[in-house]
Each structure stands twice: as C-alpha cells, then as structure tokens.
2 protein chains.
Amino acid sequence: MNAGVRSPTLHDVAREAGVSLATASRSLNGSARKVNDAYRERVQAAAARLGYTPNLSAQAVAKGSTMTVALVVGDISDPYFSSIAAGVIGAAEESGFIVTMAVTARDSERELALVRALRGQRPRVLILAGSRTSDEPSQQALVAELTAFESTGGRVVVISQHELPFDTVLLDNYGGARRLAAELVGLGYRRFAVISGVPSLLTSRDRVLGFLDGLAEHDLTVPADRIVHTEFTRDGGFAGAVELLEHGIDDVELVFAVNDVMAVGAMSALREAGRIPGESIAVAGFDDIPTVRDITPALTTVQIPLIDVGRHAVELALAPRTAGGTEIPVETTVVIRESTPARK
Amino acid sequence: MNAGVRSPTLHDVAREAGVSLATASRSLNGSARKVNDAYRERVQAAAARLGYTPNLSAQAVAKGSTMTVALVVGDISDPYFSSIAAGVIGAAEESGFIVTMAVTARDSERELALVRALRGQRPRVLILAGSRTSDEPSQQALVAELTAFESTGGRVVVISQHELPFDTVLLDNYGGARRLAAELVGLGYRRFAVISGVPSLLTSRDRVLGFLDGLAEHDLTVPADRIVHTEFTRDGGFAGAVELLEHGIDDVELVFAVNDVMAVGAMSALREAGRIPGESIAVAGFDDIPTVRDITPALTTVQIPLIDVGRHAVELALAPRTAGGTEIPVETTVVIRESTPARK
DNA sequence: CTGTTAGCGCTTTCAA
DNA sequence: TTGAAAGCGCTAACAG
C-alpha cells in the first residue's frame with residue numbers, strides 16, 4: 001500500500017531462481033535460445049512469482065539504444081494530429097516500440113526546444129508531424145539538431161513537405177488542392193474566396209497555391225482581398241469567414257478553407273451571418289478528418305489517409321537507412337459531398 | 001551524415017571542460033548552486049560546444065526514478081481521449097515530465113498487458129483514461145498490477161469512476177445525465193430512446209442510469225426496446241440509430257446517445273432515414289467534444305471540461321499521496337443547443 | 001566547493 | 001551452456 005518497496009530487479013529474480021545474473025538476463029530477454037530449458041523455466045517462474053518487469057531505462061543504458069519513438073505534434077486535440085498519432089502509435093506498438101509525445105502548440109521555438117529535450121530520451125526515431133514553416137530562423141537550428149540526432153544513429157521522419165533533408169512522408173497538398181479546384185470548376189463554381197493559414201506555413205501555402213493554379217487552368221482567379229490569412233485552427237476558420245463577410249462576399253459562390261477544422265469554423269460563421277452552407281454558399285476543406293462526413297452539409301474536402309500517414313512514418317523510420325533520404329508519397333483524393341452541390 | 005558517432009556523454013563534457021565528472025554533473029543538472037560560477041560556465045560552454053544532451057535513461061537508473069507520465073487511452077483519435085491527452089501533456093510538460101502514451105483499443109485484456117509493459121518504464125505516474133468496465137475478470141489482475149506499481153512508489157490516477165482503489169478524477173456521469181433529462185423534460189420532451197454502450201461499460205451505464213432516473217422523477221420511462229446497446233464509437237451510434245429505426249420510433253421525440261461521437265453518428269443515420277435532427281427528431285449527447293457546437297443542428301450535450309480533466313489527473317498524481325486515495329470531482333454541465341428545441 | 005568512487009539495473013564479453 | 005566481471009552514462013555519498 002505504501003511506497004518504499006523497490007521493484008524486483010533481475011538480481012532478485014536470479015537469486016530466487018538460483019542462477020546467475022547472466023542466465024536470468026538471457027532467459028528473460030536475450031535473443032537466441034542459448035539457455036537450458038530447465039533453467040529458463042525456473043527463471044521465468046521466479047520472475048512471475050516476483051512480478052518482475054525489466055527496467056527499460058537500465059536496458060537502454062546497457063544496450064546503448066532504446067525502443068522508443070518520439071512523436072512531435074502541433075496539437076494533439078486537433079483531429080488531424082490525433083489521427084496521425086493513432087497511426088504512429090499503432091504501428092510502433094506492433095513493432096514493440098513505445099511512443100512518447102510532445103506538443104509544440106504550433107510554435108517553432110518550442111518545437112526546437114522540444115526536439116532538443118527529446119533527444120535526451122535517445123529515441124530510435126523522431127517523427128515531426130507539425131507542418132513546416134518557411135523563413136523561420138529557428139528552422140536552421142532545427143535542422144542542425146536533427147542532423148546531430150541522425151549522426152548519432154537516430155532516425156528522423158518528417159510528415160508533410162520535403163523541405164528538410166530527412167526521410168519524409170510526403171503529402172500531396174499542392175496536387176490535391178489543384179484537383180479540388182478543377183472538380184469545383186467542373187461543378188459550375190466560378191467565384192471563390194480562400195481562408196488560408198499564415199503565409200509562412202508551408203502546408204497552407206502549398207494548398208493555396210495548388211488551388212489557385214487549379215483555377216488558373218480554367219482562367220479563373222481569386223482577387224487578393226478574397227484570400228484571408230488566419231490561424232490554422234477552428235477559431236481561425238471562424239475568424240477568417242468573419243473577415244471575408246466584412247469585406248463583402250455576396251457574390252462569392254464557394255469558400256475554400258485550407259483545412260477541415262477551419263472549414264468547419266467558417267461554416268458556423270457563415271451560418272451565423274445568414275449564409276447557409278451547401279445552399280446559399282458552398283464550402284470546401286482539406287484533410288477529411290473523421291467528423292466532416294457527419295456535419296451538415298457533409299463537407300467536400302481532399303482526403304488524406306491520416307492513419308496511414310502515421311503508419312508510413314514509422315515504417316520509413318524502421319526501414320534500412322538510404323542515401324539521400326527516402327520519401328513516401330501519399331495520395332490525396334478529392335471527395336465531393338453536399339457542401340458543394342453542382343450549380344444549376 | 002552516417003551513424004556511428006556516439007552521443008557525447010557527460011564524461012566527454014567533463015574532459016572538454018577540464019573538470020571532474022561530478023562537477024560536470026552538478027553544473028548541468030545538480031540542483032542547488034554548489035558550483036563555482038567559473039567552472040559552471042566552462043562546463044556549460046563545453047556542453048554547448050559538444051551538443052551534449054543528458055541521457056535520460058542513464059539519469060533514471062542512477063537516480064532510481066524517472067520523469068515520465070504514462071497515459072493509457074482507449075483511442076487517441078477519439079476527441080474525448082485526445083482532449084484529455086492534451087490536458088495531460090500540457091500539465092506534464094509544465095512540470096518537466098515526459099509523457100508516453102499507449103492505446104488499449106478499448107480492450108481490457110490489452111489494457112492489462114499495456115499496464116504491465118508500461119511498468120517497465122518505471123514511470124512516476126500512470127494515468128488510466130479508458131473507461132472502466134464491470135465484471136471483467138481482468139479487472140482484478142489490473143488492480144493487482146496497479147497496486148504493485150503503487151507499492152513500488154508509483155502513482156496511479158484513474159479518470160472517470162471511482163471503481164478502483166486509486167486516486168481518481170471523478171466525472172459526474174450520473175448527475176450530468178440526470179440533469180440533462182430534467183432539462184429536456186422541461187423543454188417539453190416526453191418520449192425518448194437511448195443509444196447506450198455495452199452494459200458493462202461503467203461510463204455508459206452511469207449515464208443511462210442518470211438519464212432514466214432523471215426521467216423517473218417526472219414519472220417518465222423509456223421502454224426497454226427503446227434502449228439499444230452498441231459500440232461506444234461513431235459507428236456504434238450510427239448502428240444504434242439504425243436499430244432503433246428498425247424497431248420503429250415514429251413517436252420518439254428525442255434520442256439520447258451516451259456520448260457525442262455516438263450522437264453524431266446517430267444523427268447521420270436518422271437523417272439518412274429522413275428524420276431531420278433538430279426538427280422532426282431531437283438528439284442529445286454527452287461530453288461536449290469540440291466539434292459538436294459546429295455541427296448542424298448544434299448538439300445539446302453535457303459538458304465535461306476534458307482538458308481540465310487531463311490537467312487534474314496530473315495535478316492529483318503530483319500532489320502528496322493521501323490515505324485512502326483522493327478524488328477530484330469534476331462538474332458536468334448541461335448545454336442546450338439547437339438539436340433539442342423547445343417543443344410547441 | 002571539487003574530485004574520487006561506489007553504485008543504479010541490465011547486457012555482454014570472456015573464461016570456465 | 002553457464003557464470004564472473006566489466007562496462008553503459010549518470011548520480012550521490014564521501015573524502016579532501
């Protein structure tokens with residue numbers, strides 16, 4: 001009931017079983033069958049009797065390596081990240097890895113500090129799921145830190161864009177947005193507004209670029225005052241829509257928000273202003289987080305197989321190291337739903 | 001670029017700075033200022049030059065304790081858990097703790113195995129966020145495992161109900177559901193259906209009980225065939241609604257799903273069957289996960305401050321141990337939204 | 001205040 | 001095969 005009893009150690013088990021430390025170690029963890037069955041059983045029985053659990057930290061220092069995957073996300077309560085995390089955790093556990101998690105709160109200073117701290121865990125793998133930003137001076141420090149980590153045997157996997165010189169799970173943000181634009185034009189839409197994240201956010205930038213290029217193919221453009229920059233969150237989406245409404249968007253037919261949570265926030269703002277999503281105005285998002293098929297109207301979006309993205313990240317990390325850094329491209333597919341009905 | 005270089009050790013730093021191992025240790029980590037400033041600076045400079053990061057595993061074995069919090073959740077991609085996780089991670093990081101995470105997939109066998117494995121990390125704190133089940137034989141083994149963990153100095157915190165003899169963050173599932181029922185009756189509802197989880201799930205059971213008791217106060221009941229048992233997920237909610245529809249629920253005025261993701265799934269099923277949530281049928285949920293204020297109609301639910309729940313769990317774990325196990329009760333508050341308009 | 005020296009729990013040579 | 005013993009990187013007495 002009260003503390004004070006220490007956890008049984010391998011030493012205890014060995015004594016209980018009447019064998020040496022080495023034999024105990026080999027019976028419980030050592031790979032190949034190099035231990036007499038009789039001994040092995042004695043040891044296992046003793047371990048069970050004592051409730052022995054190997055001290056992972058001790059194993060880590062003795063072996064010089066851990067079985068942990070460190071995952072860095074922007075915000076775990078965001079469905080985008082939590083879905084990726086689910087994939088990472090699932091795949092990691094299947095391979096016997098433990099996953100530790102840290103949250104950057106979308107702050108790149110903080111991300112750098114976290115990576116530095118996480119290095120202390122000597123994880124075998126470090127996965128960065130937060131989206132990259134451009135022009136940050138801290139990016140350079142981050143690369144240095146990650147490179148140092150790799151040079152000591154760690155594996156780095158970045159999810160999203162291939163800005164950093166590491167293995168990456170590449171999301172086709174640009175292409176997905178471009179195809180989305182094409183499909184929307186095909187549905188009859190001509191006048192658009194865009195709710196974007198801050199320009200330095202690469203994911204956001206790529207999606208906006210792809211969308212605009214997709215429109216440009218059909219000789220359509222979006223006036224600069226119809227592209228607002230805001231936070232990459234639900235509230236950002238809401239605020240972005242409010243800003244657009246203030247600019248006056250009576251003739252806008254469709255609002256593209258660069259991710260689903262923003263789109264959902266935007267829908268609420270539009271609705272509050274009397275514009276009915278899916279009826280008097282269309283809305284599209286990006287990601288296909290689980291809930292958007294259940295909202296009304298169901299949201300048109302670009303699907304990313306988020307769980308798979310997480311799984312791929314660990315597969316990549318556990319695969320043999322390659323020369324220039326491998327990349328696994330992940331397809332994005334346009335999903336048209338009721339929020340963008342065909343016009344006319 | 002290639003592996004092979006080992007991480008710099010404290011030893012390297014000490015040599016580089018021309019001081020002893022102990023001095024290096026004290027300069028970098030040791031608590032009180034017991035080191036000459038000149039030395040301290042030399043050491044810190046050397047550490048920076050070498051890119052030294054203390055090996056947490058080594059520290060753990062030397063100190064005999066770690067700075068990690070292990071969090072066990074049912075499914076991290078479920079907003080209920082991911083919000084709690086956000087709170088846990090936030091609070092843990094503020095106290096300098098690392099959090100490791102494991103997922104039970106709502107399987108109590110698996111939960112037991114995970115707890116056993118997690119013990120190997122020798123975390124200071126083990127937080128169980130998955131909801132408890134009754135009558136499972138594995139519960140007993142779980143208690144044994146957790147008790148053993150506590151007896152070796154660890155802290156256990158359970159989130160949800162006080163079934164287990166450990167510190168707990170107590171969610172008022174019963175009371176919240178009861179108050180919800182009262183409010184709904186106040187709004188004019190009289191005929192209900194309930195989509196519940198499996199009966200052994202304590203959270204589900206408490207919510208159903210509270211709801212029924214709340215109705216009973218007004219001499220209302222729910223016929224047994226209007227209470228369906230299904231999975232505690234979005235798809236479960238969908239399936240539950242389908243089942244209700246098959247039973248025929250033309251006269252049902254309101255469907256109470258025992259959690260929000262189920263309610264959201266149920267809404268989709270109802271809508272597909274031609275019943276419009278918020279118009280031809282009302283729906284209520286429980287949890288108040290972030291998205292439900294943005295769905296249409298916005299969902300009436302019982303709010304749990306999920307982030308705070310996570311924070312409380314670590315506060316509890318980091319507070320001095322008490323005799324019988326402390327519990328922090330968390331209030332739940334009814335939030336009436338458009339999915340349950342006043343009748344007539 | 002600094003350095004020396006045992007450990008911490010475990011793995012892994014190296015002999016036996 | 002098994003056991004003794006030397007580490008792994010770090011902390012914490014214990015002397016100086």
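At a cut-off of 3.5 angstrom, counting only N and O atoms as typed in the model, there is a donor on one side and an acceptor on the other between the side-chain of B:R26 and the base of C:dG3.
Of the residues near DNA chain D, B:S57 and B:A22, the one whose nearest nucleotide (by heavy atom distance) lies more toward the 5' end is B:S57. When each of B:A58 and A:A62 is assigned the nucleotide of DNA chain C bearing its nearest heavy atom, the one mapping closer to the 5' terminus is B:A58. Where B:R122 and B:V19 meet DNA chain C, the nucleotide closest to each residue was compared, and B:V19 sits on the side nearer the 5' end. Taking the nucleotide of DNA chain D with the nearest heavy atom to each of B:L56 and A:L21, the more 5' of the two is matched to A:L21.
Residue A:Y39 has its side chain nearest to D:dT2 when only D:dT2, D:dC10, C:dT2 are considered. Looking at the side chain of B:L10, the nearest of the listed nucleotides C:dT2, C:dT12, D:dT11 is D:dT11. The A:T9 side chain lies nearest to C:dG9 when the options are C:dC1, C:dG9, D:dC10.
In this model, the phosphate group of D:dT11 is approached by a side-chain N or O of B:N29 to a distance below 4.0 Å at OP1 or OP2. Side-chain nitrogen and oxygen atoms of B:Q59 include none within less than 4.0 Å of the OP1 or OP2 phosphate oxygen of D:dC10. For B:N55 and D:dC8, the shortest distance from a side-chain N or O to OP1 or OP2 is not below 4.0 Å. Side-chain nitrogen and oxygen atoms of B:S20 include none within less than 4.0 Å of the OP1 or OP2 phosphate oxygen of C:dT2. Between A:S25 and C:dT11 there is a side-chain N or O to OP1 or OP2 distance below 4.0 Å.
Between B:D78 and B:R106, at least one side-chain N (NZ, or NE/NH1/NH2) sits under 4.0 Å from a carboxylate O, which counts as a salt bridge. No salt bridge links B:D12 with B:R49; every basic N to acidic carboxylate O contact stays at or beyond 4.0 Å. Using a cutoff of 4.0 Å between basic side-chain nitrogens and carboxylate oxygens, A:E111 and A:R116 are not scored as salt-bridged.
Going from atom CG of B:D12 over to atom P of D:dG9 covers 8 Å, rounded to whole Å. Atom CE in A:M67 sits roughly 15 Å away from atom C1' in C:dT11 (whole-Å rounding). Regarding B:H11, its NE2 atom lies at a distance of 13 Å from the P atom of C:dT5, rounded to whole Å. Atom CZ in A:R6 sits about 6 Å away from atom P in C:dG9, given to the nearest Å. Here D:dC8 presents its P atom at 21 Å from NZ of B:K63, a figure rounded to the nearest Å.
When all heavy atoms of B:E16 and B:A46 are compared, the pair lying nearest together is CG-CB, 3.4 Å.
Remark: the A:T133 side chain and the A:S200 side chain contain no N/O donor-acceptor pair separated by less than 3.5 Å.
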